[in-house]
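As structure tokens, the structure follows; a few thoughts come after it.
Chain identifiers are assigned alphabetically (A, B, ...) following the order of the sequence lines, protein sequences preceding nucleic acid strands; residue numbering begins at 1 within each chain.
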Number of protein chains: 2
Amino acid sequence: MLLGNEKPVTAADKTFILLRDDIVEGRIVAGSKLSETELSTKYAVSRAIIREAINRLEACHIVERKANVGARVVALSPQGLIELYQVRESLEGMAARLAAVNMTHEEIDDLMGLLQRHFDEVKDGQSYYQEAGDVDFHYRIILGSKNKHLISMLFDGIYHLVRMYRVQLGMAGPRVTTAYDEHKHIVKAIANRDAELAEMLMRRHIMYSKNSIEAKLS
Amino acid sequence: MLLGNEKPVTAADKTFILLRDDIVEGRIVAGSKLSETELSTKYAVSRAIIREAINRLEACHIVERKANVGARVVALSPQGLIELYQVRESLEGMAARLAAVNMTHEEIDDLMGLLQRHFDEVKDGQSYYQEAGDVDFHYRIILGSKNKHLISMLFDGIYHLVRMYRVQLGMAGPRVTTAYDEHKHIVKAIANRDAELAEMLMRRHIMYSKNSIEAKLS
DNA sequence: AACAATTAGTATGTCGACAATATAGCAGCA
DNA sequence: TGCTGCTATATTGTCGACATACTAATTGTT
């Protein structure tokens, strides 16, 4: 899954994305060791490329590296997921706040259109959990914040980890109808340029989502 | 300045820290291009080491890299500083909230001791802006959150950028007495385990700090 | 004179080999 | 038998050289 407009141009870019997705999708199991030589044969590139890819994965917190020892894929734990959602709540809350100030009318209209399509799908009974739609919703609000650091942190860092948890702990969860209502209220707050409310609603939205996942884990 | 307990063991580690500090302290000017060959002679290491160091700097958002073109030190702008403080407000607010829940009594006592020493210095007329003290204060609360992602984002990422702005836009600002009061109230909220209030006060504290800097820029 | 294309030059991307460090296994001793 | 120290092996860290892509200067054309 390519997020944003990351266009891999160099071999290291491509290998980074391949390796990352193999990890996120669970084809390389969490907690396992990453051998540079092994990976270099597997992906048919030199060790230097693999090293660069692993370095970037470390920056995303997807792998952990110890000097002179090697790199391991991070281990997934309930505690880790909670910490991740705490950061998400904080950052996406701020994103919603900023989006209420910085999104253009056009962007807001687009967002409402997306929400309407989402609603139609729910109405048509396709009310399985639409991850793509949900991601797209959050995606646009984060971009709407117009804050470079926020965007980068969430897309390059947090997002892939969240997806890794979703995939590997198998939560293609429900929450579709309630999530729709929450999304609607958030957009309304943004359209009203109510930054305070937008942040609060987004934080609650993510908190609910966290609670739902926590409940499923226990 | 070494933050946390990053112990450079490999040559790439050392070069990364040297290069980072040269940039943060302004010995390498903001916006300038980083030539790999040039740097490799300057720091007396191979180009591979320099490349790894630059990769890590890119992960910190201290340099920007374009494929097949090269890396540049980020340019400093008022807008960039504002965006940085927006992220700080969000993350450190959450850190204070979590610290109120997760800090041990001992850690809170230590924090109060630090605050007392800070107060004594202010009383003694050494009321120039104590950056080290201020940093140490925020440092402990961030650590007190016990949230790995939060800690890493702030220390490895945001912190050095903030310092870069401070150094290069020359703001060894005042705000020492008011900042002291704000710190005191934050610690009180944490000691009372009032997460809600701790977050709110921390966010206001950072907002005030941002406003003070903005005023100085215009 | 101004613009386009080609070419030379320089910087980045990639590679394979060597050096240094950690881990595991084995031998020797208490 | 259990522990300590050494050795061997395998993995990571580092390096210099080659391949490739961008940049800019030069030349030719309109």
inquiry  = With a strict under 4.0 Å distance from non-hydrogen atoms of chain A, what nucleotide opens and what nucleotide closes the contacted stretch of DNA chain D, reading 5' to 3'?
reply    = D/dT11 to D/dT14
OP1 or OP2 of C/dT12 under 4.0 Å from side-chain N/O of A/T10 = no
task = Return the orientation label for the A/H183 and A/H205 ring planes: parallel under 30°, perpendicular over 60°, tilted otherwise.
result = perpendicular
ask   = Where along residues 43-51 of chain B does a heavy atom fall under 4.0 Å from DNA chain C?
value = B/R47, B/R51
message = Among residues at least two apart in sequence or on other chains, which ones pass side-chain hydrogen bond (donor to acceptor under 3.5 Å, both in side chains) with B/S145?
response = none
Distances for protein N or O near nucleotides 8-11 of chain C N or O, under 3.5 Å:
none

ask   = Excluding sequence neighbours, so at least two apart, what forms side-chain hydrogen bond (donor to acceptor under 3.5 Å, both in side chains) with A/S35?
value = A/T37
message = Under the rule for salt bridge (charged side-chain N to carboxylate O under 4.0 Å, His left out), what residues qualify as partners of A/R88, not counting sequence neighbours?
response = A/E92
remark   = Contacts of A/D110 meeting salt bridge (charged side-chain N to carboxylate O under 4.0 Å, His left out) (sequence neighbours excluded), chain-then-number -> none
request  = Under the side-chain hydrogen bond (donor to acceptor under 3.5 Å, both in side chains) rule, collect the residues that match up with A/Q79, sequence neighbours excluded.
outcome  = A/E83
request  = Identify, with sequence neighbours excluded, every residue that meets salt bridge (charged side-chain N to carboxylate O under 4.0 Å, His left out) alongside A/K210.
outcome  = none
task = Sorted by first residue and then second, give each side-chain hydrogen bond (donor to acceptor under 3.5 Å, both in side chains) pair with at least one member in residues 45-54 of chain B; sequence neighbours left out.
result = B/E36-B/R47, B/E36-B/R51, B/E52-B/R56
ask   = More 5' along DNA chain C: A/K66 or A/A11, using each one's nearest nucleotide?
value = A/A11
task = Could you note down all residue pairs passing ring-ring contact (aromatic ring centres under 6.0 Å, His included) where residues 19-74 of chain A supplies at least one of them, sequence neighbours left out?
result = A/H61-B/H149
A/D109: partners by side-chain hydrogen bond (donor to acceptor under 3.5 Å, both in side chains), with sequence neighbours left out = none
